[in-house]
Amino acid sequence: MMQSASAFPLATWMVFSPQGLVFLAAALAITGVIVELIRRRYLRESYAMLWLAFAAVMIVLGLFPSLLFYLSDNVLHLYYLTTAGMICFLFLLAIILQYSVVLSRRADENRHMAQKMALLEERLERLEDSAAASDQKGKQP
Amino acid sequence: MTEGAIQTSAGPDHFRLLVIIPAYNEASAIAQTIRSLDSLPVAHDVLVVSDGSTDATSAIARQAGAVVLDLPCNMGVGAAMQAGYQYAFRHDYPAAIQFDGDGQHRADQVPALLAPVLADQADLVVGSRALAAIQQEDYRFSLDRRVGSRLLAGLLCVLLKRRITDPTSGFRASNRRAISFFSRHYPQAWLGDTVEAMVELGRHGYRIAEVPTRMAPRQGGRSAAGTIKGFMHTLRIIVAVLIDCIERKFDDEISRGEP
């Protein structure tokens, strides 16, 4: 490991091409939007986690494009754009899956609340009726 | 069918049946349905669960003497039925009947449906049209419904290891144990809830029985019409049932050790 680190010093990992700079700028912009949404409380922590992880990976790849090339050539044996697309795709998949889970839970919670509400409403009406009845009984004699 | 006296272990004085009618925009038929239940030879209350109806269903049902639960929005028949079972559980009813609001189910068939529950031979009793179809000429499944019903019945036979002839029948009776189960867990899939309810009960060790039942022909209303639509509907229920089978059993059932 040490050898490979000395063979590829940090500077060589950070070789920027024009496309790489565009990529980095996009990554920073996305991160900015996510952070701003969190700051304004439009995006809650539990949902922000995956987005932040996505932004972090984008920034790391933007700063060290060679990491993407290394990963593509030596680990995955894919074209580097395919690797980038795959990473994006996996993140989006994870985020959508999370939404499906959250949505299912929400549907359950909504149903429980609606049922509870209907049951309480029926009870309230019954109580009001009996209260009105006992009121009248009290007035009559 | 013994009309009149119905024997229960608790004695007729203590026994009170809840008839649950899920209704979605049934204003035209609901009053007649509720009135038809007056002839029941057993002490009972009628509960109409209006599933977010936008017509006068709730008002008419209340006027006809039923207790009404009003769901704030349309959530599907499964949610309505579950609300009914929650009411039954909360008010300690020993048994509940599930009854359609559109006039398809017949009050004179209730005693036969209730008998296995009262005799404690089953936790859930399903009224089967197919079992009665041999004697009955006035009710006929259309072809796609017959095929779909057969498919589902076959699947249930394998899963529950017992003969099921009419899995989509919504005419059913539950005892206290089944009421308790349904009040906590009731399947929510669109229209497949009757099938899934049987699967869920069966998986958790409850006893299911079928009795032959006659029904009036359906008077319009929502029905899975068309062969392809009917087939897709069946397929959807099959997938929902298979999903049920891979779901973990409910923890509260295991800790209760029920039934």
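Treat the numbers as computed from the prediction; the structure is a model and nothing was measured. Naming: A, B, ... by sequence-line order, numbering from 1 per chain.
By the 30° and 60° cut-offs, the orientation of the rings of F181(B) relative to F250(B) is perpendicular. Taking the six-membered ring for Trp and thresholds of 30 and 60 degrees, H105(B) and F171(B) have ring planes inclined between 30 and 60 degrees apart. By the 30° and 60° cut-offs, the orientation of the rings of Y186(B) relative to F182(B) is perpendicular.
Residues R126(A) and S130(A) have side chains that never bring a donor and an acceptor to within less than 3.5 angstrom of each other.
Only the side chain of V67(B) comes within contact range of chain A, with heavy atoms under 4.5 Å apart.
The most heavy-atom pairs under 4.5 Å with chain B, out of R123(A), H112(A), K116(A), come from R123(A). Counting heavy-atom pairs closer than 4.5 Å to chain A, the top-ranked of the candidates G84(B), A79(B), A80(B) is A79(B).
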